[in-house]
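These values consider heavy atoms only, across backbone and side chains, with no hydrogens, waters or symmetry-generated copies. Being a predicted model, the structure only gives us computed values, none of them experimental. Per chain, numbering begins at 1; letters A, B, ... match sequence-line order.
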There are 2 protein chains.
Amino acid sequence: MERVTMADVAEAAGVSVATVSYVLSGKRPVRPDTRAAVEAAIRELGFTPNTTARSLRTGRSSLVGLVVPDLANPFYAQFAAALQERLRDLGLHVVVCNTRADRSEELAFVREAAQQQFAGVVITPFRLTAKDLELLERAGVPVVVSADIRLGQVDRVAPEARSAMRAALQAVTDAGRRRIAMIAGPRDATGGDPRLELLRELARQFGTELPHGLVVRGEHTRAAGAEGFGELMSRRHPPDAVFCANDVIAVGAMDRAEELDVRIPGDVALVGYDDAVFASLVRPRLTTIRYPAQAAGEAAARLLRERIDGRTVPRTVRVKAEFVARESV
Amino acid sequence: MERVTMADVAEAAGVSVATVSYVLSGKRPVRPDTRAAVEAAIRELGFTPNTTARSLRTGRSSLVGLVVPDLANPFYAQFAAALQERLRDLGLHVVVCNTRADRSEELAFVREAAQQQFAGVVITPFRLTAKDLELLERAGVPVVVSADIRLGQVDRVAPEARSAMRAALQAVTDAGRRRIAMIAGPRDATGGDPRLELLRELARQFGTELPHGLVVRGEHTRAAGAEGFGELMSRRHPPDAVFCANDVIAVGAMDRAEELDVRIPGDVALVGYDDAVFASLVRPRLTTIRYPAQAAGEAAARLLRERIDGRTVPRTVRVKAEFVARESV
DNA sequence: TTGAAAGCGCTAACAA
DNA sequence: TTGTTAGCGCTTTCAA
């Protein structure tokens, strides 16, 4: 299987390589019959341009990096699938990097993407700072941040979760709950935990607060969720409602609740975040804030396209989150 | 941020670019002090070789394609994460392609991987044939197939599920079940459904059979699982035990069981396959055949490394599956 | 032990 | 409207 090059196509069509290139890129007019001849030759020979050569020449790779803390989290898996499907048509390839929330992994990948002049990077930074992302900007690599917080002057897709969160609080307080707690993400995560901040702010509007002892922190894992829930229940005045930074944590909380014989929602109401597939599968079914992964992935793809098409001012796309009442409140 | 090239390093170290290249590759001896000077310059300038240029020159890209039918299925997501983590050290990037079990998507990606001389392709073919994979072999691109069936002369990672499946059958028959059914994958899937074949063979050893009407087929989706279960229950003699080609299907079956007021395991025992995260989350907890995704992903990475290191004879790695008794049998 | 230089396949500036 | 050609950054052959 010999590689077919532009030179082969040019020869077959009786034109120069430049013409073939221009037919492909459309960057300069080509006479219709010349174009036809070239296209025929391309089809005939089954030619596909060598993206490596193209990248070397243009200084732009066809790779888009996707940096996520945990690909096994259904949210990120769906996000990745949607992103890839939307980028495919542009001839872009999605390169995944699972960082396990490890800063050095995040940084190593971002560095490489900058060095190799990736076509773009879509990242959910977990321990990375805005400063780290400047690496990419300086290298001229478009960045899309998928996170609740703002991280420098870059494109961003973020949940619009205020009304959903308010609805959740409403449901919780309607159920007579007053001692509201949260199992948040780790303290040293990039931007702290914006979901906690939002909950705090909204709670005040509801005339209540998150008591000091009722905010615990941990990684976005099932184990950490169990741990956090255990901590919460060991308080002198344990909570009667627990919000979680995501559904994985919430499931961990349910694990521990079962061990401790704490009834959900009888003793404690539980609210997740994301609406991962399993949220409707656990018993009781998890009440949660749905943040649609597919829509978020598609939005990220759109932002990237716009950048590649020349937009220079950063833009934020907000994806509406939605309260999903099930059985855990 | 100017790109640092080998020429810069060479100049700084007072040597030729060739020497820099050889220091990096180790493909010819370099005097220790020369080497030291070069390494110092590399560090000083923060040089990283341009993989695009390297690929163009060597005709080998640093990309490994991962082709899966459904990235949102936790099995594939974990597989992807493990593969990527094991390939990272080799400087290889994992490019994902989510095909939604669509043959044309599979084919398009395989074609491109062949054209662009990918470093390798790891694929769970769903509608692709051995013949299609020859595209890659002819292009000299190493292929690792992750599937129960054998697909041409390529490397392969596959479950060793016989004993686990036997244990599952044992549990089912111990529970007094005799009318065994299966919700299998689609008829036109590559290789049919080997899990069905295995179950059939083992059932015979148990002195029973899968009656004709008790094998239904569908996609590997929750909806198809529900559909299939409904079909099965509409039979004149419905089954009292249902095996599923994977856990996603099994969950769909549970959905429908609930709608139909069929008790699991009271009326019907249910067995999944994979042990996806949610298997232990649904109620009743799903009894299943655990096929460890991470181990499979790591095995695929290993096979690829071996190929890249020069092995030429195809090899199959079997990953042991395990019966996990929970509550649905 | 090291260097010079060709060339991988493409794009785009320049020329015609 | 089209062609010629330099050169992207690297690897590797050939020569010293």
Side-chain angles (χ1 to χ4, degrees), chain A residues 1-39 41-42 45-63 91 112 114-119 139-140, chain B residues 1-39 41-42 45-63 91 112 114-119 139-140:
Chain A
M1 181 115 154
E2 278 313 300
R3 203 157 204 316
V4 180
T5 72
M6 260 190 189
D8 300 327
V9 174
E11 189 180 348
V15 298
S16 72
V17 287
T19 299
V20 177
S21 174
Y22 285 117
V23 164
L24 251 37
S25 69
K27 286 192 179 172
R28 93 181 176 189
V30 176
R31 242 187 29 221
D33 52 336
T34 312
R35 167 181 301 277
V38 170
E39 283 168 347
I42 287 176
L45 301 176
F47 167 77
T48 326
N50 181 328
T51 53
T52 304
R54 176 178 287 171
S55 294
L56 180 58
R57 178 57 231 236
T58 61
R60 266 285 162 251
S61 109
S62 63
L63 301 182
E112 186 169 4
Q115 295 276 6
Q116 308 298 343
Q117 302 279 101
F118 274 27
Chain B
M1 180 113 154
E2 279 313 298
R3 216 177 187 304
V4 181
T5 73
M6 260 191 188
D8 300 327
V9 174
E11 189 179 349
V15 298
S16 72
V17 287
T19 299
V20 177
S21 175
Y22 283 117
V23 165
L24 251 38
S25 69
K27 287 191 178 171
R28 95 179 174 190
V30 176
R31 241 186 30 222
D33 52 336
T34 311
R35 167 181 300 277
V38 170
E39 283 168 346
I42 287 176
L45 301 176
F47 167 76
T48 326
N50 180 326
T51 53
T52 304
R54 176 177 287 172
S55 293
L56 179 59
R57 176 58 230 233
T58 61
R60 264 285 161 252
S61 109
S62 64
L63 302 182
E112 186 170 5
Q115 295 276 5
Q116 308 298 344
Q117 301 279 101
F118 274 27

Nucleotide dT2(C), atom C1' - distance to CG of Asp33(B) in whole Å: 12 Å

Report which part of the nucleic acid Thr34(B) touches: base, sugar-phosphate, or nothing (heavy-atom distance under 4.0 Å, all strands). sugar-phosphate

Quick check against the 3.5 Å criterion: does Ser25(A) have a side-chain atom that pairs as donor or acceptor with the backbone of Ser21(A)? yes

Let me know the distance between CG of Leu56(A) and P of dT11(C), rounded to the nearest Å. 11 Å

Separation of dC8(C) atom C1' from Arg54(A) atom CZ, nearest Å, is 16 Å

Round to the nearest Å and state the distance from Ile42(A) atom CD1 to dG9(C) atom C1'. 14 Å

Rounding to a whole Å, what distance do you find between Phe47(A):CZ and dG9(C):P? 10 Å

Value in whole Å for how far the P atom of dT2(C) lies from NZ of Lys27(B): 18 Å

If each of Pro49(B) and Pro32(A) is mapped to the nucleotide of DNA chain D with the nearest heavy atom, which maps nearer the 5' terminus, i.e. the 5' end? Pro32(A)

Contact between Val20(B) and Val15(B) at the side-chain level, heavy atoms closer than 4.5 Å - yes or no? yes

Among dT1(C), dA13(C), dG7(C), which nucleotide has an atom closest to any side-chain atom of Arg57(B)? dG7(C)

Just by modelled atom types, is the Thr51(A) backbone N or O under 3.5 Å from a matching donor or acceptor in the Ser55(A) side chain? yes

Counting distance alone, no hydrogens or angles: does the base of dT1(C) have a donor or acceptor under 3.5 Å from a partner atom on the side chain of Arg28(B)? no

Can a donor-acceptor pair be found, under 3.5 Å and without considering hydrogens, that links the side chain of Arg3(A) to the backbone of Gln115(B)? yes

For DNA chain D, note the earliest and the latest nucleotide, 5' to 3', having some atom under 4.0 Å of a heavy atom belonging to chain A. dT1(D) to dG9(D)

From CA spacing to verdict: side chain to side chain contact (heavy atoms under 4.5 Å, CB included), Thr5(A), Asn50(A): CA-CA 8 Å; Thr5(A) 72; Asn50(A) 181 328; over 6 Å; no

Pick the closest DNA chain C nucleotide for Arg31(B) and for Thr51(A) by heavy atoms, then say which residue is nearer the 5' end. Arg31(B)

Got Leu24(A) and Met6(A) here, is their nearest side-chain heavy-atom distance under 4.5 Å? yes

What is the separation between atom CD on Gln115(B) and atom P on dG9(C), rounded to the nearest whole Å? 13 Å

Where the side chain of Ser21(A) is defined as all heavy atoms beyond and including C-beta, which of dC10(C), dA12(C), dT11(C) is the nearest nucleotide? dT11(C)

Quick one, Gln116(A) and Leu63(A) - any side-chain contact, counting heavy atoms below 4.5 Å? no

On DNA chain C, check which nucleotide each of Tyr22(A) and Ala53(B) is closest to and give me the residue with the more 5' one. Ala53(B)

